[in-house]
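These notes are about the structure you will find just below.
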Amino acid sequence: MNARSIGLTTAVFFLLLGSAQVFLSLRLPGGLGISAAEPGPGLFPAAVGALMVVAASIHLLQTVMTRGEAEDPVARKPLDIILLIGTLSAYILLLPRAGYLVSAFLLLLGTLTIFGMPGLARRVATSALMTGVSYLIFTRALRVNLTAPTWFS
């Protein structure tokens with residue numbers, strides 16, 4: 001199986017998965033909710049499913065528009081997978097102790113490092129920016145009380 005057929009198969013799989021997630025999220029009792037102030041149980045899964053559909057559609061279009069045979073994908077080293085599992089485990093352990101901001105920042109920084117984003121300053125800036133954006137979305141728009149640090153207070 002070449003890289004193009006793997007890309008097509010993956011894009012179609014996530015397109016179907018995201019569509020099913022949006023459909024099933026809307027069928028939950030309470031659906032999307034009354035308003036942004038009172039979100040329903042289906043709001044977050046529907047948003048994630050919609051993002052999945054958009055990303056899969058873009059990937060599908062890029063794969064279809066690619067001419068010729070693409071290079072075979074580089075296999076991930078087993079060490080990368082172990083490091084990613086370790087990073088996720090550290091996030092789970094740190095979240096109740098260090099709080100959302102520190103845990104999310106370290107998770108993003110570790111993930112960007114594992115997947116090879118160039119430049120330490122760029123990784124730190126991206127991690128800080130995305131942590132701040134997610135914090136504002138959760139606290140301001142969705143009015144979610146995020147985990148407060150217990151070790152640092």
Side-chain angles (χ1 to χ4, degrees), residues 1-33 36 39-96 98-142 144 146-147:
M1 190 174 240
N2 62 20
R4 183 179 169 106
S5 59
I6 290 171
L8 287 171
T9 304
T10 304
V12 169
F13 172 76
F14 282 107
L15 187 62
L16 293 173
L17 183 66
S19 299
Q21 185 170 339
V22 170
F23 176 74
L24 293 173
S25 297
L26 295 174
R27 295 183 55 132
L28 286 171
L32 297 179
L43 179 65
F44 186 70
V48 171
L51 288 173
M52 194 181 309
V53 166
V54 169
S57 299
I58 292 170
H59 182 67
L60 183 64
L61 286 173
Q62 287 176 341
T63 305
V64 167
M65 294 175 73
T66 302
R67 295 201 172 116
E69 287 295 315
E71 297 177 13
D72 284 334
V74 178
R76 299 297 304 173
K77 299 176 200 169
L79 180 61
D80 288 350
I81 296 169
I82 292 169
L83 288 173
L84 185 60
I85 291 170
T87 303
L88 290 170
S89 300
Y91 174 76
I92 292 168
L93 291 172
L94 278 175
L95 186 59
Y100 177 79
L101 290 174
V102 172
S103 302
F105 174 78
L106 292 175
L107 173 68
L108 286 168
L109 184 62
T111 304
L112 292 174
T113 302
I114 291 168
F115 286 105
M117 181 181 217
L120 178 62
R122 186 174 173 193
R123 288 191 303 260
V124 169
T126 302
S127 298
L129 178 68
M130 294 314 297
T131 300
V133 167
S134 66
Y135 180 80
L136 289 174
I137 289 171
F138 280 121
T139 57
R140 301 290 185 234
L142 299 175
V144 174
L146 295 174
T147 308

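Residues Thr126 and Leu108 form no side-chain contact, since every pair of their non-hydrogen atoms from C-beta on lies 4.5 Å or further apart. When side chains are defined from C-beta on, Leu142 counts as touching Leu43, because their heavy atoms get closer than 4.5 Å. With a 4.5 Å cut-off on side-chain heavy atoms, Thr10 and Phe14 count as touching. Between Val12 and Leu8, the closest side-chain pair of non-hydrogen atoms is not below 4.5 Å. Within the 4.5 Å cutoff, the side chain of Phe115 has heavy atoms near those of the Leu84 side chain. In this structure the side chain of Thr139 never reaches within 4.5 angstrom of the side chain of Val144, judged on heavy atoms.
Considering all non-hydrogen atoms of both residues, Pro41 and Pro29 come closest at CG-O, 3.2 Å. Minimum heavy-atom separation, Tyr91 to Ser103: CD1-O, 3.4 Å.
For the pair Arg123 (side chain) and Met117 (backbone), a donor-acceptor distance under 3.5 Å is present. In this structure a side-chain-to-backbone donor-acceptor pair under 3.5 Å is missing from Gln21 to Ala46.
With a 6.0 Å radius and a threshold of 12 heavy atoms from other residues, nucleotides or ligands, Met130 has its CE atom at or below the threshold. Other residues, nucleotides and ligands place no more than 12 heavy atoms under 6.0 Å from the OH atom of Tyr135.
Interatomic distance, Ile92 CD1 to Leu107 CG, rounded to the nearest 0.5 Å: 9.5 Å. The distance from the CG atom of Leu15 to the NE2 atom of His59 is 11.5 Å, given to the nearest 0.5 Å. In this structure, the separation between CG on Leu95 and CG on Leu146 is 8.5 Å, given to the nearest 0.5 Å. Atom CD1 in Ile82 sits 11.5 Å away from atom OG in Ser89 (nearest 0.5 Å).
No hydrogens or angles considered: nothing links the side chains of Tyr100 and Thr131 as a donor-acceptor pair under 3.5 Å.
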Worksheet item: Hey, mind stepping through Leu83 and Thr113 against side chain to side chain contact (heavy atoms under 4.5 Å, CB included) and telling me if it holds?
Response: CA-CA 10 Å; Leu83 288 173; Thr113 302; over 6 Å; no
